[in-house]
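Working notes, beginning with the structure itself.
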Protein chains: 2
Amino acid sequence: MKQAWHPTPSEITLTGVMGALNDPVRVGLLRVLADDREHGWSELRAPVAKSTLSYHLRVLRDAGVTRTRQEGTRCFVELRRDDLDARFPGLLDAVLGAAHRDDIGARVGLAGT
Amino acid sequence: MKQAWHPTPSEITLTGVMGALNDPVRVGLLRVLADDREHGWSELRAPVAKSTLSYHLRVLRDAGVTRTRQEGTRCFVELRRDDLDARFPGLLDAVLGAAHRDDIGARVGLAGT
DNA sequence: TACATTGTTCGATGTTTCACGAACGTAGAA
DNA sequence: TTCTACGTTCGTGAAACATCGAACAATGTA
């Protein structure tokens with residue numbers, strides 16, 4: 001299983017990021033990843049089938065919002081906060097703040113919490 | 001022609017705003033309206049048919065991004081900056097800054113510019 | 001009244017998005 | 001090698017979206 005493609009910082013587009021964050025499940029994933037730690041795929045809990053979760057993680061990755069690393073058969077996901085902040089200053093914080101206030105994507109979480 | 005419906009500030013949702021700003025034409029309109037002045041409908045120039053422009057302005061209005069006022073047969077549109085800033089601090093500026101840097105919606109403009 | 005202007009709405013069309021289960025490929029375990 | 005666990009990809013379907021031109025409604029003008 002080869003490492004998945006990721007956009008370089010300059011390939012990250014506003015349209016792509018806005019599109020990626022225009023879904024409550026993906027905003028929920030964003031909130032989970034906002035602790036800036038790497039999380040295992042299997043640790044993630046979302047109210048969708050695993051194929052759908054894979055799809056959403058792919059959308060986030062392709063947009064440059066997250067980075068996915070493969071290790072054996074396991075995957076680890078993390079937020080590309082530095083790249084996003086460099087590219088679109090303030091955007092991530094604004095979305096995270098708004099998502100927290102409106103409690104968007106609340107049904108997404110981590111195992112055992 | 002009665003005045004169109006607008007969401008109250010508390011009815012403005014992050015999901016709605018993100019969805020509204022997830023289209024280059026609408027981001028272009030946002031940039032045009034970012035001067036915080038009221039603009040006449042007929043003043044707006046976008047690379048779409050007038051029925052499509054009407055549709056986009058409706059999406060922005062329904063999301064709470066803009067306010068539309070009717071005066072006779074004419075319409076005037078303005079950005080609801082205060083409401084958006086109160087609801088989602090920093091979001092509008094972040095999007096406007098990013099849109100400017102990436103030149104999103106550049107084909108939208110005003111007549112005579 | 002009749003006509004022109006302005007923007008909205010309708011109906012049709014093609015595209016994109018999100019969802020699922022099934023099938024698949026890769027890597028490690030037995 | 002065979003089996004199991006982990007995620008991805010495929011095929012499909014339903015819904016939402018963007019787009020257009022035509023028809024429409026509301027207002028102002030002749």
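Since this is a predicted model, take the numbers as computed values, not measurements. Just so it is clear, the values below take in all heavy atoms, side chains as well, and ignore hydrogens, waters and symmetry mates. Within every chain, numbering begins at 1; the chains are lettered A, B, ... in the order of the sequence lines, protein sequences first and strands thereafter.
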Once rounded to the nearest 0.5 Å, what's the spacing between atom CZ of A:R69 and atom CZ of A:R74? 12.0 Å
Bend of the helix from C:dT1-D:dA30 to C:dA30-D:dT1 from end-axis comparison, five pairs per end, nearest 10°, comes to 0°
Could you tell me the separation between the CG atom of A:L53 and the P atom of D:dT8, rounded to a whole number of Å? 8 Å
Which nucleotide in the list D:dT9, C:dG7, C:dT9 gets nearest to the side chain of A:S51? D:dT9
Of all of residues 32-40 of chain B, which get a heavy atom below 4.0 angstrom from DNA chain D, listed by number? none
Phosphate OP1/OP2 of C:dG7: any B:R58 side-chain N/O under 4.0 Å: no
A:L44 atom CG is separated from D:dT8 atom P, nearest whole Å, by 11 Å
Whole Å only: how far is the NZ atom of A:K50 from the P atom of D:dC6? 9 Å
What integer distance in Å separates B:Q70:CD from D:dG28:C1'? 15 Å
Indicate, yes or no, whether a donor-acceptor pair under 3.5 Å links the base of C:dG7 to the side chain of B:T73. no
After noting the C-alpha distance and the side-chain angles of A:L21 and A:L60, does the key distance pass the side-chain contact (heavy atoms from CB on, under 4.5 Å) rule? CA-CA 8 Å; A:L21 298 185; A:L60 288 171; 4.1 Å; yes
What residue pairs, at least two apart or across chains, pass salt bridge (Lys or Arg N to Asp or Glu O under 4.0 Å) with a residue in residues 6-34 of chain B? B:R31-B:D103
Measure from CZ on A:F76 to C1' on D:dC6 and round the result to the nearest Å. 11 Å
Can you see which heavy atom on A:A20 is nearest to which on A:A63, and at what distance? CB-CB, 3.6 Å
Between A:H39 and A:R37, what is the shortest heavy-atom contact and its length? CD2-O, 3.1 Å
Take atom CZ of A:R69 and atom C1' of C:dT26, then tell me their distance rounded to the nearest Å. 17 Å
Exercise: identify the closest heavy-atom pair between B:L57 and B:W41: CD1-NE1, 3.5 Å
Verify side-chain contact (heavy atoms from CB on, under 4.5 Å) between B:H6 and B:T68, making sure each step is shown before the conclusion. CA-CA 8 Å; B:H6 292 74; B:T68 298; 4.1 Å; yes
Hey, does the side chain of B:H56 reach the backbone of B:V25 with a donor-acceptor pair shorter than 3.5 angstrom? no
The reported gap from OG1 in A:T15 to CD1 in B:I104 (rounded to nearest 0.5 angstrom) is 4.0 Å
Would you tabulate the side-chain donor-acceptor contacts of residues 75-101 of chain A under 3.5 Å, counting partners in other chains and residues two or more places apart, or write 'none'?
residue : atom : partner : partner atom : Å
A:E78   : OE2  : A:R67   : NE           : 3.4
A:R80   : NE   : A:D83   : OD2          : 3.0
A:R80   : NH1  : A:P7    : O            : 2.8
A:R80   : NH2  : A:P7    : O            : 3.0
A:R80   : NH2  : A:D83   : OD2          : 2.9
A:R81   : NE   : A:D36   : OD1          : 2.9
A:R81   : NE   : A:D36   : OD2          : 2.9
A:R81   : NH1  : A:D93   : OD1          : 3.4
A:R81   : NH2  : A:A34   : O            : 2.9
A:R87   : NE   : A:P9    : O            : 3.2
A:R87   : NE   : A:I12   : O            : 3.0
A:R87   : NH1  : B:D102  : OD1          : 3.2
A:R87   : NH2  : A:I12   : O            : 3.1
A:R87   : NH2  : B:D102  : OD1          : 3.2
A:R87   : NH2  : B:D102  : OD2          : 3.1
A:R101  : NH2  : B:A86   : O            : 3.4
A:R101  : NH2  : B:R87   : O            : 2.5

Measure from CH2 on B:W5 to P on C:dT8 and round the result to the nearest Å. 16 Å
Roughly, in whole Å, what's the span from CG in B:L57 to P in D:dT19? 12 Å
Quick test: give all pairs of protein nitrogen or oxygen and nucleotides 16-19 of chain C nitrogen or oxygen below 3.5 Å, distance rounded to 0.1 Å.
residue : atom : partner : partner atom : Å
C:dC18  : OP1  : A:D23   : OD2          : 3.4
C:dC18  : OP1  : A:R26   : NH2          : 2.9
C:dC18  : OP2  : A:R26   : NH1          : 3.1
C:dC18  : OP2  : A:R26   : NH2          : 3.3
C:dC18  : OP2  : A:Y55   : OH           : 2.6
C:dA19  : OP2  : A:H56   : NE2          : 2.4

CD (B:E43) and CG (B:L110) are apart, to the nearest 0.5 Å, by 5.0 Å
Closest of C:dG7, D:dG7, C:dT8 to the A:R74 side chain is D:dG7
Could you pull out all donor-acceptor pairs under 3.5 Å where a side-chain atom in residues 44-55 of chain A meets a protein atom, sequence neighbours excluded?
residue : atom : partner : partner atom : Å
A:R45   : NH1  : A:S42   : O            : 2.7

